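Down below is the structure, laid out as structure tokens.
Everything numeric here is computed off the predicted structure, so don't read it as measured data.
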Number of protein chains: 2
Amino acid sequence: MSESGSEVRKAARKVSTRQQDPEGTRQNIIEVASQEFALNGLSGARIDEIAAKTRSSKRMIYYYFGDKEGLYLSALESAYATVREGEAELDIAGLSAVDGLRRLVEFTFTHHHQHEDFIRMVMIENIHHGQYLERSSVVRDLNVTAIAHIKDLYERGLVEGQFRPGLDPLEIHWQISALCFFNVSNRATFSRLFARDFGAPDMLERLKQNTVEMVLRYVAKPGALGE
Amino acid sequence: MSESGSEVRKAARKVSTRQQDPEGTRQNIIEVASQEFALNGLSGARIDEIAAKTRSSKRMIYYYFGDKEGLYLSALESAYATVREGEAELDIAGLSAVDGLRRLVEFTFTHHHQHEDFIRMVMIENIHHGQYLERSSVVRDLNVTAIAHIKDLYERGLVEGQFRPGLDPLEIHWQISALCFFNVSNRATFSRLFARDFGAPDMLERLKQNTVEMVLRYVAKPGALGE
DNA sequence: ACCACAATGTACGAACTGGTTAGTTTGGTC
DNA sequence: GACCAAACTAACCAGTTCGTACATTGTGGT
């Protein structure tokens with residue numbers, strides 16, 4: 001009784017007075033920091049600005065994350081983690097290899113489009129030559145899932161006789177990533193350069209279908225797509 | 001005699017004492033600034049650092065470019081200009097549409113690879129949502145050349161009966177750009193994530209051939225590639 | 001009831017950084 | 001050779017920015 005009673009009291013206090021909530025504070029800081037870093041880059045983001053938008057204070061940032069780079073690294077890891085969770089939603093069981101790959105590409109395209117902050121974090125991290133990612137121990141096993149999906153599909157496609165042999169699943173993943181990533185990462189300059197809105201819904205739909213088609217034509221045996 | 005004499009004296013002095021060389025100073029600043037911005041981003045680059053690496057001084061930066069953003073914009077324009085010049089080297093006259101497109105893709109892939117600083121500037125500009133590019137009046141007419149090449153090739157391919165109808169040259173350009181750009185822009189994180197060196201010469205060659213094949217399979221009529 | 005320690009608030013400072021002020025040198029022209 | 005605009009130098013300044021020292025409060029265990 002005393003135990004459950006104190007827990008109830010604790011929970012109630014947590015909600016009402018909102019004091020002493022380490023995990024919440026930590027989470028809140030990461031959320032704010034992620035947005036700021038994604039928007040302004042590592043050097044562009046301001047600790048004071050992040051602190052101000054937080055429910056807590058600058059002191060807490062240094063308490064939990066040590067310094068600016070520590071905070072950036074946590075934000076980066078958080079971005080990858082969030083996207084990984086999202087990727088679990090892809091369902092290609094029960095589909096043919098061709099249909100499965102189609103859905104995978106469509107999913108990736110849309111998923112990237114919906115997670116612009118993640119894309120921006122990856123861009124920023126690439127500007128820094130991936131040096132923080134390298135320091136991270138968390139992120140390593142992450143994209144293995146994506147590759148596993150493609151490898152599975154590709155092998156099924158070979159068995160079903162619709163895919164051509166000799167391709168590398170990792171390289172297919174590379175191509176899909178390139179097309180889907182670029183659509184978000186370079187939209188600004190591309191739109192400006194060609195005076196066309198590459199973010200308009202109908203344009204996005206076209207680009208998505210182009211991407212699907214491009215990947216399928218690359219992987220499929222001649223004639224397997226019913227042309 | 002007096003005129004040519006003074007010119008000789010002028011040139012000699014220019015070389016020996018290196019004083020009063022506005023265009024040279026300007027150019028030198030841009031070169032240094034481009035490197036620094038490409039390496040560290042707009043907010044990451046330091047005016048003092050740039051000035052120190054220059055043959056002249058910080059004061060000169062403000063004298064010629066007004067402020068940091070002015071310098072960045074000039075560096076950005078310079079990057080686009082340099083790459084445009086390079087693109088003029090592409091020669092596809094006299095080739096069939098298929099061979100021409102193949103060469104175009106190979107050229108673009110290699111060209112992007114050789115101009116990493118340009119790629120990084122474009123990445124950085126995209127982080128800034130292309131706001132500086134928009135302000136620029138110089139860059140506008142630039143990529144028209146690339147599109148013109150592709151449009152020409154595509155139409156020839158239609159006439160030759162090897163390309164399928166209904167495609168948009170701009171969208172083909174988009175796809176080629178995506179694949180070639182990504183290879184440089186995301187190499188760091190991709191290599192780290194999959195513990196493979198995507199910058200190794202043999203890997204690059206594979207990726208280049210994959211890219212060529214992907215584009216050709218997308219554009220060509222079924223059977224036109226002699227499978 | 002009390003204590004050790006985790007969590008948090010406040011105020012401050014040293015170094016950095018973009019930008020400027022004030023003045024000097026250079027080279028062409030009449 | 002006097003003059004002047006353009007090119008250039010050196011020292012400086014004010015606002016910013018990361019990070020910290022110090023003080024205080026809440027909490028769980030005994």
State whether B:E49 and B:K53 are salt-bridged, where the test is any N-O pair (Lys NZ or Arg NE/NH1/NH2 against Asp/Glu carboxylate O) under 4.0 Å. yes

Just to verify, which of A:L104, A:T211, A:N210 counts as forming a side-chain contact (heavy atoms from CB on, under 4.5 Å) with A:F109?
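Running side-chain contact (heavy atoms from CB on, under 4.5 Å) over A:L104, A:T211, A:N210 with A:F109 returns exactly one hit, A:T211.
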
Are [X] and [Y] linked by a side-chain donor-acceptor pair shorter than 3.5 Å?
{"X": "A:S136", "Y": "A:E77", "answer": "yes"}
{"X": "B:Y132", "Y": "B:E69", "answer": "yes"}
{"X": "A:Q209", "Y": "A:E213", "answer": "no"}

Using a cut-off of strictly less than 4.0 Å, decide whether A:T25 has a side-chain nitrogen or oxygen near OP1 or OP2 of C:dT8.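 A:T25 to C:dT8 OP1/OP2: side-chain N or O found under 4.0 Å.
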
Query raised in the report: Taking only side-chain nitrogens and oxygens of B:S57, does any of them come within less than 4.0 Å of OP1 or OP2 of D:dC8?
Result: no

Near DNA chain D, counting only heavy atoms under 4.0 Å, which residues of residues 34-46 of chain A show up?
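Heavy-atom contacts with DNA chain D come from A:A45, A:R46.
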
Contact check, residues 59-67 of chain B vs DNA chain D, heavy-atom distance under 4.0 Å, returns B:R59, B:M60, B:Y63, B:Y64

Of the candidates D:dT9, C:dT8, C:dG19, the side chain of B:K68 sits closest to C:dG19

[X] side chain to [Y] backbone, donor-acceptor under 3.5 Å:
{"X": "B:R120", "Y": "A:I127", "answer": "yes"}
{"X": "B:D152", "Y": "B:A148", "answer": "no"}
{"X": "B:R46", "Y": "B:S43", "answer": "yes"}

Calculate, to the nearest 0.5 Å, the distance between atoms CZ and CZ belonging to B:R26 and B:F65 respectively.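 Between atom CZ of B:R26 and atom CZ of B:F65 there are 4.5 Å.
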
Item to complete: Would you please indicate yes or no on a ring centroid separation below 6.0 angstrom for A:Y80 and A:F118?
Response: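 Distance test on ring centres: under 6.0 Å, yes.
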
Axis-to-axis angle across the helix from C:dA1-D:dT30 to C:dC30-D:dG1, five pairs each end, nearest 10 degrees, ~ 10°

Legend entry - Euclidean distance, atom OH of residue B:Y72 to atom P of C:dG18 [Å, nearest integer]: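 Answer to the nearest Å: 15 Å.
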
Between NZ of A:K58 and C1' of C:dT8 the distance, given in whole Å, is 15 Å

